[in-house]
> 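Please find one structure pasted underneath; my questions will follow.
Only a predicted model underlies this, so the values are computations on that prediction, with no experimental measurement involved.
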Amino acid sequence: MKKKILGIIMAAVMATASSAAFVGCSPRNEVLKIYNWGDYIDESLLGEFESWYKAETGKNVTVQYDTFETTEDVITRIEVLKSDYDLVCPSDYIAERMIKGGLAQKIDRSIIDITKDDFLVDGLAEMIQPFDPKNEYYVPYVWGTFGIMYDTNHIDAGSEDMKSWEAMWSSKYKKHILMKDSVRDAYSVAQIYANRGKLSDLSNGFTDYNDEYRKELISYFSGTSKSLIKSAQNALVKQKSLLYKYEVDDGKNDMLAGTTNAYLGLFWSCDTCLIMQEDGGDHFYYEVPKEGSNVWVDGWLIPKYAKNKKAANYFLKFINTYEGDGKHDYAMTNFDYMGASMASKAVMEDAKAALIDDEDGFFEDKEDWFKDMYIDMLFPSEQVLARCGVMRDFGKKWSTELDSMWIDVKTL
């Protein structure tokens, strides 16, 4: 379960460099081009896939694996640059934009026959229904929430302060706060913070996450307007002087290494899992604030310009294979590497049981609070999910408005 971040980075660099060298000499139909988040796969599986594909099809394939930092990078590559990646792994709202915009190809169900019933824990499968109702395009991969991760060397574990987004705007933590350099994440948190009074009223002081509360919360993720963008901008400008910095990927590593003055910030649960698995990572705590948050799904799409759709479909079959026999458990191998909430229901059911029993001794010599917090982070309760909404595509017009707002915030 544990791994070294430096090793991950070096492996990624070497894998990308070596694959690029080999694919330059290969026919395009023998190359599978994948564009994924950093730290989002056990890269040893890429070589295993090449051998597995040969056994399955009798054909050769070499994987070219590239990574991105934000999900908006995907839409730039496909919509603007028309890159011919065979598989990309966008977040839900970018996947919706690609499907609606004709930038995705249908999955070949003669190769990959898993259905929505195989994905996500109960209640979460509906998240992708609005933009892929027939389960034709999108194959869920990883899911989670975003919240506040903080260092218990500076803030007490379970701190009441950290149960609210107000901590991210508090002068008490001035110059110790990290904010995601990601427009939709920053906008969403700012919108919730700006409307915390209304959300409190609707939920009886955040004790009853009822339908009226959920309707209001979900509206912030599903649409926007000039007035909403302005309110978020005002909140983000107010926050800016309190921040240590904006970051995307390096903040978690700096906090782990102790090379930063920051000790709390906005983080995706998948990143907090990654850090908490490291040596010395057991002094971090993760909280989904009471006002509300985001539950996200990252999944696979075959882009419009893909040139090796066959290998892409076989990879989707491979990466979701979990037979429980110790030999064909690629999906579980991936979970053991990433430690994040995977979309495969079977993998997560077995993984939760193993964590509760602490089969590999992961929780030995850790504080009493760590085990419950860690499992709750990987497997959010119904109460947590009741105060979370799913990001939807705002459309090009409002996406452009948001981008402009974000530029203004960062340059003011």
> In a check of side-chain contact (heavy atoms from CB on, under 4.5 Å) between Leu412 and each of Val237, Ile407, Leu236, which one passes?
Val237
> Do the side chains of Asp86 and Arg28 get close enough for a salt bridge, i.e. N-O under 4.0 angstrom?
yes
> So His328 and Tyr330, would you call those rings parallel, tilted or perpendicular, with 30° and 60° as cut-offs?
perpendicular
> State, yes or no, whether a side-chain contact exists between Tyr337 and Ile41 at a heavy-atom distance under 4.5 Å.
no
> For Thr259, is there any backbone N or O sitting under 3.5 Å from a side-chain donor or acceptor partner on Asp254?
no
> Determine whether the side chains of Tyr141 and Asn334 contain a donor N or O and an acceptor N or O closer than 3.5 Å.
yes
> Quick one: does Tyr286's side chain have a donor or acceptor within less than 3.5 Å of a partner on Gly147's backbone?
yes
> Check whether the ring centres of Tyr322 and Phe335 lie less than 6.0 Å apart, and answer yes or no.
no
> Do Asp66 and Lys33 have side-chain heavy atoms sitting under 4.5 Å apart?
no
> Ring-plane angle category for Trp169 and Tyr193, please: parallel below 30°, perpendicular beyond 60°, tilted otherwise.
parallel
> Before we go on, tell me: are the rings of Phe315 and Phe49 under 6.0 Å apart, centre to centre?
yes
> Just so I know, are the side chains of Lys310 and Asn308 near enough to count as touching, which here means a heavy-atom distance under 4.5 Å?
yes
> Under 3.5 Å, is there a donor on one side chain and an acceptor on the other for Tyr187 and Thr224?
yes
> So which heavy atom on Leu228 is nearest to which on Gly223, and how close?
CD1-O, 4.4 Å
> Evaluate the side-chain proximity of Trp296 to Cys388: yes if any heavy-atom separation is below 4.5 Å, no if none is.
no
> I need the Tyr220 OH to Ser188 OG distance, nearest 0.5 Å.
11.5 Å
> Is there a donor-acceptor contact under 3.5 Å from the side chain of Asp84 to the main chain of Ala306?
no
> Determine all donor-acceptor pairs shorter than 3.5 Å in which one atom belongs to a side chain in residues 93-103; sequence neighbours excluded.
| residue | atom | partner | partner atom | Å |
| --- | --- | --- | --- | --- |
| Tyr93 | OH | Glu72 | OE2 | 2.4 |
| Glu96 | OE1 | Arg392 | NE | 2.9 |
| Glu96 | OE1 | Asp393 | N | 2.8 |
| Glu96 | OE2 | Arg392 | NE | 3.2 |
| Glu96 | OE2 | Arg392 | NH2 | 2.6 |
| Arg97 | NH2 | Glu79 | OE1 | 2.7 |
| Lys100 | NZ | Asp393 | OD2 | 3.2 |

> Could you state the interatomic distance from CZ (Phe146) to CZ (Arg184), rounded to the nearest 0.5 Å?
9.5 Å
> Without hydrogens or angle criteria, can the side chains of Lys54 and Asn60 be said to hold a donor-acceptor pair below 3.5 Å?
yes
> Could you check whether Trp300 and Asn36, counting side-chain N and O atoms only, form a donor-acceptor pair closer than 3.5 Å?
no
> Cation-pi check, Lys352 to Phe379: give yes when NZ or CZ is under 6.0 Å from the six-membered ring centre and within 45° of the ring axis, no otherwise.
yes
> So, taking the atom named CG in Asp39 and the one named OG1 in Thr67, what distance separates them when rounded to the nearest 0.5 Å?
8.5 Å
> Within the supplied structure, the quantity of interest is the number of heavy atoms (other residues, nucleotides, ligands) at a distance under 6.0 Å from Glu382 CD; does it exceed 12?
no
> Are more than 12 heavy atoms, taken from residues, nucleotides or ligands other than Asp357, located less than 6.0 Å from that residue's CG atom?
yes
> Please determine if Arg77 forms a cation-pi arrangement with Tyr85, meaning its NZ or CZ atom is less than 6.0 Å from the six-membered ring centre and no more than 45° off the ring axis.
no
> Say whether, by atom type as modelled, one donor and one acceptor occur between the side chain of Thr400 and the main chain of Lys396 under 3.5 angstrom.
yes
> Cation-pi check, Lys180 to Trp268: give yes when NZ or CZ is under 6.0 Å from the six-membered ring centre and within 45° of the ring axis, no otherwise.
yes
> Looking at Asp185, Leu266, Leu242, which hits side-chain contact (heavy atoms from CB on, under 4.5 Å) with Met179?
Leu266
> Quick one: does Thr62's side chain have a donor or acceptor within less than 3.5 Å of a partner on Val31's backbone?
no
> At what distance, to the nearest 0.5 angstrom, does CE of Met391 lie from CD1 of Ile218?
13.5 Å
> Nearest 0.5 Å, what's the NZ-CG distance between Lys371 and Leu355?
8.5 Å
> Is there a donor-acceptor pair closer than 3.5 Å between any side-chain N or O of Asn234 and the backbone N or O of Ser231?
no
> To the nearest 0.5 Å, tell me how far Asp360 CG sits from Asp336 CG.
8.0 Å
> Does the ring centre of Tyr150 sit less than 6.0 Å away from the ring centre of Tyr173?
no
> If you draw a 6.0 Å radius around NZ in Lys175, do more than 12 non-hydrogen atoms from other residues or ligands fall strictly inside?
yes
> Side chains of Ser44 and Asp42: donor-acceptor distance under 3.5 Å anywhere?
yes
> Could you tell me if the side chain of Leu378 sits less than 4.5 Å from the side chain of Cys273, heavy atoms only?
yes
> Going by heavy atoms in the side chains, are Leu87 and Leu316 under 4.5 Å from each other?
yes
> Do Leu32 and Gln64 have side chains that approach each other closer than 4.5 Å (heavy atoms only, starting at C-beta)?
no
> With a 4.5 Å heavy-atom cut-off, do Asn135 and Arg109 have their side chains touching?
yes
> Does atom NZ (Lys410) have a neighbourhood of more than 12 heavy atoms from anything else shown, all under 6.0 Å?
yes
> Where the side chain of Asn210 meets the backbone of Asp208, is there a donor-acceptor pair that is under 3.5 Å apart?
yes
> Classify the angle between the aromatic ring planes of Trp37 and Phe68 as parallel (below 30°), tilted (30 to 60°) or perpendicular (above 60°).
tilted
> Could you check whether any side-chain N or O of Glu69 sits under 3.5 Å from a backbone N or O of Gly38, counting only pairs where one atom can act as donor and the other as acceptor?
no
> Does His176 use its side chain to pair, donor to acceptor, with the backbone of Asn261 at less than 3.5 Å?
yes
> Is there a donor-acceptor contact under 3.5 Å from the side chain of Ser203 to the main chain of Tyr209?
no
